[in-house]
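A quick write-up on the structure given underneath.
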Amino acid sequence: MYNQDMDNRSTGSLLATLNEKQSHIGGFALSLAAVLYVVVGLLVGIIVLIFGIEEGTDAYLYINYLAAPVAMSSAMAITLKYKKFSVRRAFPVKCHPKYFLIALLLIFGLIFSVSWIDTGVTELLKLMGYVPKGQDAYLPNLSGGLIVPALLVIAVMPAIFEEGLFRGVILNSVEDGVGTIRTVFIVGFAFSLFHASAEQTVYQFLAGCVFAFVALRAGSILPSVLMHFINNAMIIIFAACGILDEAGNLIVSSGGQIALIVTSALCFIGGIVWLILDKEPLKKCEKGSVAAFFVYGSVGIAVLGIMWIASFFVR
C-alpha cells in the first residue's frame, strides 16, 4: 500500500509538472482532434450507409473531406475554452508584408521541386507491394462550375482549419517552452501524421515544417494559410485543366520540367535562407516542455499512427 501511494503521488506530481508547461496544450489539442476525427469519421460512415451513398461519387468524396474540418474546428474550440488559451495568442494575424513574398517563393518551390519526393517515395513503396490510389480517387468532378465547390472544400477549408490547428493552436502553445527549432519539427510531424497518407508522408512533413517556420518568423498565421491554399488550389486547377497524369504529376516536356524544377528549387532555397537570416531571435527549449507535448499528445499520436499504418492496407 505504501509503495502504491508513493507511485500515485509520483504520477500525480509528474502530471502536475507537465500541466504547468504550456506545450501540453498543443498535445491536448492534437489528441482531441485525432479522437474527434475518428468519431466524425464513424458518423460519416453511418450517414453513407443510411443514405446509400456510393463510394467514389462526388457526394462520398465531399462528405469525407468535411470530416477533418469538423473535427479540427471542434477540437480548437474546446481547447481554447477548456485550456483558457487566448484566441489572439492562438491565431495572430499581423505581420510584415515581406513574409507573404517569402511564402510565395516557398510554396512555388514546394509544389514544383520538393513535391517530386512523393514520386520517389511512391515508387519505393510500390517495390514493397504498395498500390497507390490514382488522382481520380481523391478529386470530385471538376468540369465547368463544379470547380468552385471543390476549391471551397479542398482548398479554402483545409487552409483555414488545418492552419488554425497546426500553425495556430499547436504551434503557438508549444513555441515558448519547446523552442523555435523543435517547434518546427513537432508541428511538421503532427501535420504529416494527421494526413495518414503513406506516399505523401515525407512531402507533408517537409511542407508542415516550412509552413511552421514561416508562421514562427512572421508571427502570423496568414502567410501559411496563403501557402496551404495555393498548394491545394493548384492541384485542383491543374487537374481541371487536364495537365496532371494519373499519379498526380504535372504533364510537361522534359526541358520544361528541368527548367521548372531548377527555378522553383532556387526560389525555395532563397526563401529558406531569407527566413534563416531574419533578425527575429530563436527561442530556446525549456526542460520538460517537449515531454509535456508528447505525454498529452500520446493518444492522438497513437490513433493517427494506427490510421497511418492502415493506409498501407485499406484501399
Side-chain angles (χ1 to χ4, degrees), residues 92-121 155-156 158-160 162-163 166-168 170-172 174-175 178-192 195 200-238 241 243-244 248-284:
V93 293
K94 292 184 179 180
C95 70
H96 194 284
K98 72 176 182 180
Y99 293 106
F100 291 100
L101 175 57
I102 295 174
L104 292 176
L105 291 173
L106 290 172
I107 197 59
F108 179 60
L110 281 168
I111 293 174
F112 295 108
S113 58
V114 180
S115 64
W116 286 99
I117 290 176
D118 278 352
T119 302
V121 172
V156 175
I160 294 174
E162 289 184 22
E163 291 309 302
F166 295 103
R167 263 66 64 174
I170 294 178
L171 181 145
N172 290 302
V174 304
E175 188 204 5
V178 170
T180 303
I181 302 300
R182 288 176 176 82
T183 295
V184 167
F185 289 110
I186 284 175
V187 173
F189 163 74
F191 178 71
S192 177
H195 285 79
Q200 296 181 0
T201 296
V202 178
Y203 175 73
Q204 287 169 340
F205 171 71
L206 293 174
C209 289
V210 171
F211 290 178
F213 195 22
V214 173
L216 286 169
R217 286 309 212 184
S220 169
I221 195 175
L222 293 184
S224 64
V225 169
L226 174 64
M227 294 173 72
H228 201 143
F229 168 75
I230 292 175
N231 182 84
N232 292 18
M234 292 300 287
I235 294 173
I236 295 171
I237 293 171
F238 287 160
C241 294
I243 55 177
L244 292 180
N249 297 317
L250 188 65
I251 301 173
V252 63
S253 65
S254 298
Q257 188 177 101
I258 293 173
L260 192 58
I261 291 175
V262 171
T263 303
S264 59
L266 290 174
C267 289
F268 182 76
I269 294 171
I272 292 295
V273 171
W274 197 347
L275 287 178
I276 292 174
L277 296 177
D278 198 329
K279 294 181 180 179
E280 187 70 22
L282 299 177
K283 294 183 179 179
K284 297 181 179 180

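Quantities reported herein were computed from a predicted structural model and do not represent experimental measurements.
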pair [X]-[Y]: side-chain heavy atoms closer than 4.5 Å:
X      : Y      : answer
Leu106 : Ile272 : yes
Val210 : Met227 : yes
Ile111 : Ile235 : no
Ile221 : Asn172 : no
Thr201 : Val121 : no

Report task. Return each pair, listed once, that meets ring pair (Phe, Tyr, Trp, His ring centres under 6.0 Å) where at least one residue sits in residues 204-232; pairs must be two or more places apart or across chains. Result ->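 Only Phe191-His228, Phe211-His228 qualify under ring pair (Phe, Tyr, Trp, His ring centres under 6.0 Å).
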What are the two closest non-hydrogen atoms of [X] and [Y], and how far apart are they?
X      : Y      : answer
Ala218 : Cys95  : O-CB, 3.3 Å
Ser220 : Val93  : OG-O, 2.7 Å
Asp118 : Gln200 : OD1-CA, 3.5 Å

Query raised in the report: Do side-chain atoms of Ser264 reach the backbone of Ile261 as a donor and acceptor pair under 3.5 angstrom?
Result: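 Such a contact is found between Ser264 side chain and Ile261 backbone.
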Query - Backbone of Ala215 reached by a side-chain donor or acceptor of Arg167 within 3.5 Å - result: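 Not at all, since once roles are kept as given, no pair shorter than 3.5 Å links the two residues.
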Query raised in the report: Using a distance-only test with no angle check, is there a side-chain donor-acceptor pair under 3.5 angstrom linking Glu163 and Ser224?
Result: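 Short answer, yes.
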Query - From CA spacing to verdict: side chain to side chain contact (heavy atoms under 4.5 Å, CB included), Asp278, His96 - result: CA-CA 12 Å; Asp278 198 329; His96 194 284; over 6 Å; no
